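One structure below.
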Amino acid sequence: MRLIVLLSLSIFTLTLRAESINVTFVVADTHKSYFYNLVNDVNQAASKSLGINLEIIHSDSDRFSHISAIRKIISRDKKPDYLIFRGFLGNIAKMFDMLEQHKIKFITLEQNFTGKDYKFLGKPQQNYKYWLGQINYDDKAGGELLLHASIDAHFVLYPEKNMSITGIGGNTNDQAINRQSSLDNFNVEKYNNKIRVNQVFLSNWRATQVEKLFGNIYKRYPHTTAYWCAGDQLALAVLKKHQETVNTPILIGGFDWIPRMLRKIKTGELTASVGGHFVMVADALVKIIDYENGLNRFILPPFTKQFELITKENIDLYLHSIESSIWHEIDFNDFVYSKNDEHIELTVNNIINLHQKNHTNDVSSTNNQF
């Protein structure tokens, strides 16, 4: 009898702990960010499903306001069990030191540090034991994915016409450089010199900067047939200025899957968007549940996640899923490895497949009642 009581108490304690996990996510952007609004929509669905108390704090998109927000969190009497944030170059070691000193477990998003910082910080749980892990997407592969989607679209439309690509990059951080590496290292001989990469113009991730630059970009490369853009907002700015300037058919692709971009893909005005990384915080939440259950997936491969691609071929399925926020109908415990024999990686495609499967089962169950 005593053993049964102890087991019951242990199960109750584990359940209580799972329901009382407090996680704070610091968003390195304002409330007006289309991308992070999408991120937080999924976050709210995942945290509710997993029984996590999730706090979302917005800071401006600069390192000073970001570290200020984290300092305020650290100074609280009641600190979060886990902190999720995206680090900035220039203050990452200082931030790690503070969190380590206060023994706050933390997860970073998107590797945004290289060189000396990378060597000093090491890998998660190596030099900083409270740095549990990093949710990182393969930006090099993502850049290639977007490039080849543009190439495929061009030669379907114009099989005999040479292709001229102009790049609109972000800035000089690691993420932007990795994305545009497919353009910087493009092998023209592989395509029998039928494709030319003109130049990559940096925008500092600002659509307004693209709009200012576009006139000069067009004058320099008037025969551009495709624009490769490091972000959807940049792609939308290119489309706007191109339509105002010449309004001829053009191929334009970007990153992030913001809804306005996807609707333009549906109308045929834009070509492709690489994304799916808006589930990165939800992925961290799932891994936190595994960590609480004794399975440390933060240090298990794969260490980088792969982007997904939206084109006119699959736009209807993805656009409907995003606009309908189907994640609010998903049990994210299905992605927790420690709770399931079948291990399913958290991706947008797998969320869609799970939603379709559940919907099919619901319909079959209803039909069986008659």
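Small disclaimer: the values here were computed from a predicted structure and weren't measured.
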- On a heavy-atom basis, the closest approach of G169 and Q180 is CA-OE1, 3.9 Å
- Item | Minimum heavy-atom distance between A207 and A237, given as atom pair plus value | O-CB, 3.7 Å
- Item | Contact check, side chains of L234 and R206, non-hydrogen atoms, under 4.5 Å | no
- Query: Who passes side chain to side chain contact (heavy atoms under 4.5 Å, CB included) against S75, sequence neighbours left out?
  - Reply: none
- With a 4.5 Å heavy-atom cut-off, do V238 and I168 have their side chains touching? yes
- Which value, rounded to the nearest 0.5 Å, describes the distance between I310 atom CD1 and S273 atom OG? 6.0 Å
- Any pair counted as salt bridge (Lys or Arg N to Asp or Glu O under 4.0 Å), so long as it reaches residues 155-166, sequence neighbours left out: none
- Query: Looking at F96 versus Y130, is the centre-to-centre ring distance below 6.0 Å?
  - Reply: no
- Query: Can you find a heavy atom in the side chain of L121 that is under 4.5 Å from one in the side chain of N127?
  - Reply: no
- Query: What pairs with E55 under side chain to side chain contact (heavy atoms under 4.5 Å, CB included), at least two apart in sequence or on another chain?
  - Reply: T24, I57, R76
- Side-chain (H66) to main-chain (R86) donor-acceptor, under 3.5 angstrom: yes
- Task: Sorted by first residue and then second, give each salt bridge (Lys or Arg N to Asp or Glu O under 4.0 Å) pair with at least one member in residues 236-245; sequence neighbours left out.
- Result: E211-K240, K241-E244
- Item | Atom of I265, atom of K312 and distance for their closest heavy-atom approach | CG2-N, 3.9 Å
- Task: Under the side chain to side chain contact (heavy atoms under 4.5 Å, CB included) rule, collect the residues that match up with Q199, sequence neighbours excluded.
- Result: F201, R220, Y221
- H223 NE2: over 12 foreign heavy atoms closer than 6.0 Å: no
- Task: Please step through side chain to side chain donor-acceptor pair (under 3.5 Å) for the pair Q233 and D256, ending with a clear verdict.
- Result: CA-CA 9 Å; Q233 294 281 34; D256 288 346; over 6 Å; no
- Item | From CG (D232) to CG (L262), nearest 0.5 Å | 7.0 Å
- Taking atom NE2 of H328 as the centre, report whether more than 12 heavy atoms of other residues, nucleotides or ligands fall under 6.0 Å from it. yes
- Task: Drop me the distance from Q175's CD to L109's CG, to the nearest 0.5 angstrom.
- Result: 10.5 Å
- Item | Steps toward side-chain contact (heavy atoms from CB on, under 4.5 Å) verdict (Y191, I151) | CA-CA 10 Å; Y191 294 92; I151 291 172; 4.0 Å; yes
- Answer with yes or no after comparing the ring centroid distance for Y128 and F106 against a 6.0 Å cut-off, counting only values under it. no
- Task: Can you run down the salt bridge (Lys or Arg N to Asp or Glu O under 4.0 Å) pairs that involve residues 274-284, sequence neighbours left out, and say none if there aren't any?
- Result: D283-K287, D283-K305
- Counting N and O atoms only, with roles assigned by atom type, does the side chain of D138 sit under 3.5 Å from a partner on the main chain of K140, one being a donor and the other an acceptor? yes
- Task: Mind checking the CG-NZ spacing from N350 to K357? Nearest 0.5 Å is all I need.
- Result: 11.0 Å
- Item | Pi-cation contact, Y34 with R260 (under 6.0 Å, within 45°) | no
- Ring centres of H277 and F35 under 6.0 Å apart? yes
- Donor-acceptor contact below 3.5 Å, side chain N333 vs main chain S49: yes
- Message: On a heavy-atom basis, which atom in S47 and which in L54 lie closest, and how many Å separate them?
- Response: CB-CB, 3.7 Å
- Message: Within this structure, what is the CG-CG distance for the pair L202 and L213, rounded to the nearest 0.5 Å?
- Response: 9.5 Å
- Nearest heavy atoms of V156 and P159, plus distance in Å: O-CD, 4.0 Å
- Hey, does L239 have a side-chain heavy atom less than 4.5 Å from the side chain of L270? yes
- Task: Please name the pair of heavy atoms, one in L319 and one in P259, separated by the smallest distance, quoted to 0.1 Å.
- Result: CD1-O, 4.5 Å
- Message: Using the rule given for side chain to side chain donor-acceptor pair (under 3.5 Å), can you reason through E292 versus Y82, listing the C-alpha separation, both sets of side-chain angles and the distance that settles it, and then say yes or no?
- Response: CA-CA 11 Å; E292 289 281 323; Y82 298 86; 2.5 Å; yes
- Query: Ignoring hydrogens and geometry, is there a side-chain-to-backbone donor-acceptor pair from N340 to V336 under 3.5 Å?
  - Reply: yes
- Query: So, N314 side chain and T311 main chain: donor-acceptor pair closer than 3.5 Å or not?
  - Reply: yes
- Message: Run the side-chain contact (heavy atoms from CB on, under 4.5 Å) test on L99 and I70 for me, step by step, so that the C-alpha distance in whole Å, both residues' side-chain angles and the decisive distance to 0.1 Å come before the verdict.
- Response: CA-CA 9 Å; L99 293 168; I70 291 179; 4.2 Å; yes
- Same cluster (ILVMFWY, side-chain, under 4.5 Å), V274 and L317: yes
- Under 3.5 Å, is there a donor-acceptor pair between the side chain of D290 and the main chain of Y337? yes
- More than 12 heavy atoms of other residues, nucleotides or ligands under 6.0 Å from NZ of K266: is that the case? no
- Honestly curious: do L50 and L295 fall in one hydrophobic cluster under the side-chain, below-4.5 Å linking rule? no
- Query: Got a donor-acceptor contact below 3.5 angstrom from the T271 side chain to the I252 backbone?
  - Reply: yes
- Does NZ or CZ of R297 come closer than 6.0 Å to the centre of the six-membered ring of Y291, within 45° of the ring's axis? no
- Are W257 and Y318 near enough that their ring centres are under 6.0 Å apart? yes
- Task: Check whether any side-chain heavy atom of L285 sits under 4.5 Å from a side-chain heavy atom of V23, and report yes or no.
- Result: yes
- Query: Under the 3.5 angstrom rule, does the side chain of E144 hit a backbone N or O of S182 as a donor-acceptor pair?
  - Reply: no
- Message: With heavy-atom distances below 4.5 Å as the criterion, would you say the side chains of H355 and I330 are in contact?
- Response: yes
- Donor-acceptor pair, side chain of N136 and main chain of T304, under 3.5 angstrom: no
- Could you check if a side-chain atom of I217 sits within less than 4.5 angstrom of a side-chain atom of N198, using non-hydrogen atoms only? no
- Message: Quick one, Y36 with F278, criterion ring pair (Phe, Tyr, Trp, His ring centres under 6.0 Å). Give me CA distance, side-chain angles, the key distance, then yes/no.
- Response: CA-CA 7 Å; Y36 278 108; F278 61 79; over 10 Å; no
- Would you check if the side chain of H242 reaches a backbone N or O of T248 as a donor-acceptor pair within less than 3.5 Å? yes
- Task: Give the C-alpha distance, both sets of side-chain angles, the deciding distance and a yes or no for side-chain contact (heavy atoms from CB on, under 4.5 Å) between Y158 and T225.
- Result: CA-CA 10 Å; Y158 316 109; T225 56; 5.8 Å; no
- Got I74 and H102 here, is their nearest side-chain heavy-atom distance under 4.5 Å? yes
- Task: For residues W131 and F298, establish whether the separation of their ring centroids is below 6.0 Å.
- Result: no
- Message: As an exercise, state the distance from CD1 of I84 to CD1 of I288, rounded to the nearest 0.5 Å.
- Response: 4.5 Å
- Task: List the steps, then state whether side chain to side chain donor-acceptor pair (under 3.5 Å) holds for N37 with D41.
- Result: CA-CA 6 Å; N37 285 341; D41 188 33; over 6 Å; no
- Message: When you compare the side chains of E269 and Q243, does any donor N or O come within less than 3.5 Å of an acceptor on the partner?
- Response: yes
